[in-house]
Amino acid sequence: MAGLGGFVKGGGFGYLGPMRLLEVALPLPLEALTYLPPLGREEEEALGRRVAVPWRGEVRVGVVVGEGEGRPALHLRHALAYLDERPLLREEEIAFLKAAAHHLFAPLGQVLADFLPPMPELVHRVRLFPRADPGLLPPGLSALRDWQEAKGFDPKLLDLLREAGVLEEEVSFRPQKRVLRLLKEPEEGLEEAPRRVLEALKALGEAESQAALARAAGVGVGVVKRLLEKGYIGLLPPEPPRGRGPALEPLFLPERPERVNGGRLRERMRVLKGLLEEGDHLVLFPEVGLLERFLEGFPEARPYHGGLPSWAREALFQRPGGTVFATYGGLLLPYTPQGIVVVEEGSESYKLPSGTRAFIPPLAELRARLLGIPLTYLSLVPAVEVLERKPLRLPVPKPRLLTLSLKEERGWPFTGRALALLKQVEERGRQAVVLASRRGFSALLLCPDCGYKPTCPDCALPLRFHQSPPTLLCHQCGHKEAPPPLCPRCGSPLLEPRGPGVDWLVRELKERLTLPVYRFAKDGKDDLTPLLRGEPGVVVGTTALLRGPVLPGLALVLLPYADGFLMDSDFRAAERYHRLLWALTELRPGHRPLLVLQTFHPDHPVHRALEEGEVEAFLWEEKALREALDYPPKVRMVKLEVAHRKEERALALALELLEALRKAAGEEEVLGPAPAPVPKLKGHYLYHLLLKGSTERLHELLAHLDRRKFKLDPDPFRFVGLLED
């Protein structure tokens with residue numbers, strides 16, 4: 001049957017002489033795999049096209065990232081079909097994928113999986129090759145004599161037939177959604193009925209079907225059909241969304257800076273407008289909420305993010321250009337903009353939680369460098385990593401700040417002065433935000449007699465107390481249990497909640513104020529419509545409030561326990577806190593709500609910087625400290641995480657990694673191994689090693705290790721949590 005391989009669309013053993021080979025990257029944690037071209041299409045251009053290939057008994061879609069020529073080994077298989085008429089990715093995008101994989105210490109396929117938009121649905125049909133003997137088919141597969149949908153058959157069985165060279169296959173993307181859109185304006189002398197159709201379509205923008213358009217115009221479907229035949233309207237992909245609202249007045253600069261910081265939000269948006277005034281541009285945002293806020297002043301911008309339907313992302317990927325406002329996936333769009341702008345480059349939301357775990361701003365810089373275009377960072381507060389860049393500093397309105405020392409003030413969770421300020425908000429009919437560092441009612445339950453606190457059986461963390469209904473919940477693994485009526489250790493009935501969360505603060509405020517009190521957190525958001533109309537009230541929430549709607553009457557922002565945002569277990573904690581406080585000053589753009597911090601550290605350098613209205617001074621101090629410690633940004637850092645259900649085994653694996661590094665690494669290049677800040681999560685004991693050095697040096701060190709024994713986090717931002725696949 002080997003001879004049949006030269007005739008069928010998929011399968012077979014290939015030709016005996018030298019032929020073209022394809023390097024195909026699948027969106028999986030693998031390096032590129034080698035395939036033969038689809039049979040009968042050996043001479044076609046392949047680089048950058050999506051291609052369907054057999055892989056482990058299934059059909060997968062990948063991208064051709066390289067081509068070569070050689071004598072194929074017998075184990076090599078033919079790709080089944082090209083899925084694009086022309087390359088989806090250019091050589092520039094493929095070069096970026098490879099450079100990003102090197103930067104992230106990750107396989108090429110994993111980078112592709114992170115940045116490529118979702119694939120359209122596949123149409124896969126199969127049948128027995130007409131000249132093949134039907135007797136080769138196993139019992140019950142007689143239907144394969146005619147074309148059938150492949151999904152009704154066992155993939156492994158189909159793969160056996162494919163390898164035998166008796167399976168004919170057709171693979172393509174399912175046609176994308178089409179709508180009716182106006183192609184040309186009505187001409188003079190056009191009859192009334194067709195003119196009404198064109199006017200209705202112009203008002204609608206697009207119509208789902210001929211019948212829907214006919215109903216909207218009050219005519220018969222035949223009128224729409226004739227306009228379709230005459231080319232007045234056409235069936236085209238839906239128009240991807242664009243920005244909205246009146247365009248901002250641009251603020252032009254004499255030369256393009258490498259970073260823009262300070263100012264008010266609207267000023268930074270005007271600077272951005274000036275940077276984007278002519279040509280194509282790519283603007284990156286850490287999250288959709290901020291992107292949507294900027295869109296309101298940029299009607300010309302085209303959004304690209306994970307919240308859009310797949311057809312919209314596919315459409316923009318097929319026809320990129322203009323000004324694109326994107327989240328991280330926009331870095332792979334196949335076009336060359338005149339420049340890239342990264343908004344709020346220090347935001348932790350740029351850190352991917354899984355896959356390559358990339359931090360996006362350095363990859364934006366990599367992309368700009370490979371394309372030979374300028375890059376500008378635009379933010380209220382610069383990241384420590386970009387301080388050395390040529391700046392444009394906009395004047396910053398000095399925040400209105402009040403720090404209340406919890407060492408001196410009385411009252412908990414609200415001090416007397418904090419309550420007095422909330423009462424003023426109530427009396428004046430204004431709005432306030434109260435920001436908590438945790439969800440639920442309290443951080444834990446504590447027995448004051450013996451110190452017992454209920455702890456998660458699978459995580460080394462106290463269980464959070466939720467009051468409605470009374471529940472103890474682990475926010476890491478989801479473990480739930482009922483609160484004990486008595487202390488299990490000493491029998492005391494005095495188990496007390498400690499560390500107020502959102503629900504505790506809501507209860508306290510409802511008891512002390514007559515104002516409406518709303519809740520706004522990741523696990524539940526009240527309807528804020530009355531507040532958006534300008535009615536008075538208080539919102540209690542987590543940092544989800546930073547991505548919420550703008551409150552028009554906001555007068556007070558209160559952090560009852562500001563230190564809860566500062567006491568994170570990583571070296572970026574103070575910088576993160578600094579950025580948070582400045583972000584809170586912009587909760588009501590154009591105004592200066594009073595920011596009140598209840599803290600045990602009123603003299604912290606972050607607080608002093610805020611009091612002085614100084615955005616950068618604290619960050620330069622941080623940079624100097626990190627350089628003294630050989631920490632980023634002076635060097636790069638990667639975190640190696642070892643996890644095992646047995647603590648002694650986890651420690652042994654971590655020590656094995658250290659031993660493998662001893663001969664190659666200097667003492668200053670390796671930190672650890674040490675238990676993670678939370679040493680047990682989801683039933684696994686965690687140990688960390690930190691490697692420091694340049695990208696090339698880190699590659700040298702990692703070459704000494706078995707990558708199957710640990711998970712790698714490049715440029716880590718958090719040290720609490722279990723790295724997920």
Side-chain angles (χ1 to χ4, degrees), residues 241-248 264-270 285-299 301 303 305 307-308 325 327 343-344 347 349 380 397 399-400 414 418 421-437 439 501-503 505-510 512-560 580-596:
R242 287 188 178 272
R244 55 194 176 275
L248 285 168
R264 294 182 183 270
L265 176 62
R266 190 169 183 84
E267 289 176 286
R268 297 197 300 277
M269 292 175 70
R270 289 186 59 207
F285 294 85
E287 53 196 26
V288 176
L290 187 60
L291 185 154
E292 293 283 348
R293 181 174 292 184
F294 270 69
L295 274 179
E296 294 175 3
F298 294 82
H305 55 78
L308 296 174
F325 281 13
T327 49
V343 177
E344 296 297 336
S347 171
S349 296
L380 172 58
R400 296 171 60 219
F414 298 104
L421 290 167
L422 288 165
K423 286 286 186 181
Q424 288 183 27
V425 169
E426 181 177 66
E427 292 164 2
R428 297 176 183 178
R430 307 296 294 280
Q431 298 170 345
V433 159
V434 177
L435 198 67
S437 58
R439 294 177 286 128
V502 170
D503 296 339
L505 299 176
V506 167
R507 188 191 71 177
E508 289 285 326
L509 291 176
K510 285 183 175 180
R512 296 171 181 266
L513 301 175
T514 59
L515 279 176
V517 179
Y518 301 86
R519 187 181 186 281
F520 198 92
K522 182 181 179 181
D523 58 349
K525 298 179 177 67
D526 291 339
D527 182 9
L528 303 184
T529 301
L531 295 179
L532 300 181
R533 292 197 297 261
E535 297 178 16
V538 179
V539 185
V540 182
T542 59
T543 52
L545 283 164
L546 294 170
R547 298 176 290 279
V550 175
L551 303 183
L554 183 63
L556 173 68
V557 179
L558 169 64
L559 278 63
L580 168 67
L581 295 186
W582 278 102
L584 293 175
T585 68
E586 289 200 327
L587 276 182
R588 187 185 174 194
H591 296 78
R592 294 190 304 154
L594 177 63
L595 179 58
V596 180

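Heavy-atom basis, side chains included; hydrogens, waters and symmetry copies ignored.
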Using the six-membered ring wherever Trp is involved, compare the ring planes of F325 and F294 and label them parallel, tilted or perpendicular (cut-offs 30° and 60°).
-> perpendicular
Would you say L556 and Q424 make side-chain contact, with heavy atoms under 4.5 Å?
-> no
Looking at side-chain heavy atoms only, is the closest gap between T327 and E287 below 4.5 Å?
-> no
Which residues satisfy the ring-ring contact (aromatic ring centres under 6.0 Å, His included) test with F414, sequence neighbours excluded?
-> none
Any donor-acceptor N/O pair, R588 side chain to P552 backbone, under 3.5 Å = yes
Tell me, with the steps shown, if V540 and R519 meet side-chain contact (heavy atoms from CB on, under 4.5 Å).
-> CA-CA 5 Å; V540 182; R519 187 181 186 281; 5.8 Å; no
Is there a side-chain contact between R512 and E426, using heavy atoms and a 4.5 Å cut-off?
-> no
In this structure, CG of L528 is separated from CD of Q431 (nearest 0.5 Å) by 9.5 Å
All heavy atoms of P589 vs all of V550, minimum pair found to be CD-CG1, 3.8 Å
Output the distance between atom CG (L551) and atom CD (E535), rounded to the nearest 0.5 Å.
-> 12.5 Å
Might you point out which heavy atoms bring A583 and L546 nearest each other, and give the distance in Å?
-> CB-CD2, 4.2 Å
Between OG1 of T514 and NZ of K423, what distance do you get to the nearest 0.5 Å?
-> 6.5 Å
For the pair L558 and L594, evaluate side-chain contact (heavy atoms from CB on, under 4.5 Å) and give the outcome as yes or no after the intermediate values.
-> CA-CA 8 Å; L558 169 64; L594 177 63; over 6 Å; no
Can you tell if the side chain of V425 reaches within under 4.5 Å of the side chain of L421, non-hydrogen atoms only?
-> no
CZ (R592) and CG (L587) are apart, to the nearest 0.5 Å, by 15.0 Å
Is there a donor-acceptor pair under 3.5 Å between the side chain of E344 and the backbone N or O of F285?
-> no
Distance (rounded to the nearest 0.5 Å) between L291 CG and H305 NE2 = 5.5 Å
Do V434 and V502 touch side chain to side chain, with heavy atoms closer than 4.5 Å?
-> no
Evaluation steps, side-chain contact (heavy atoms from CB on, under 4.5 Å), between H591 and L554 | CA-CA 9 Å; H591 296 78; L554 183 63; over 6 Å; no
Min side-chain heavy-atom separation L581-L559 under 4.5 Å = yes
Go through the steps to decide whether D526 and V517 satisfy the test side-chain contact (heavy atoms from CB on, under 4.5 Å), and finish with yes or no.
-> CA-CA 9 Å; D526 291 339; V517 179; over 6 Å; no
Drop me the distance from E296's CD to L248's CG, to the nearest 0.5 angstrom.
-> 10.0 Å
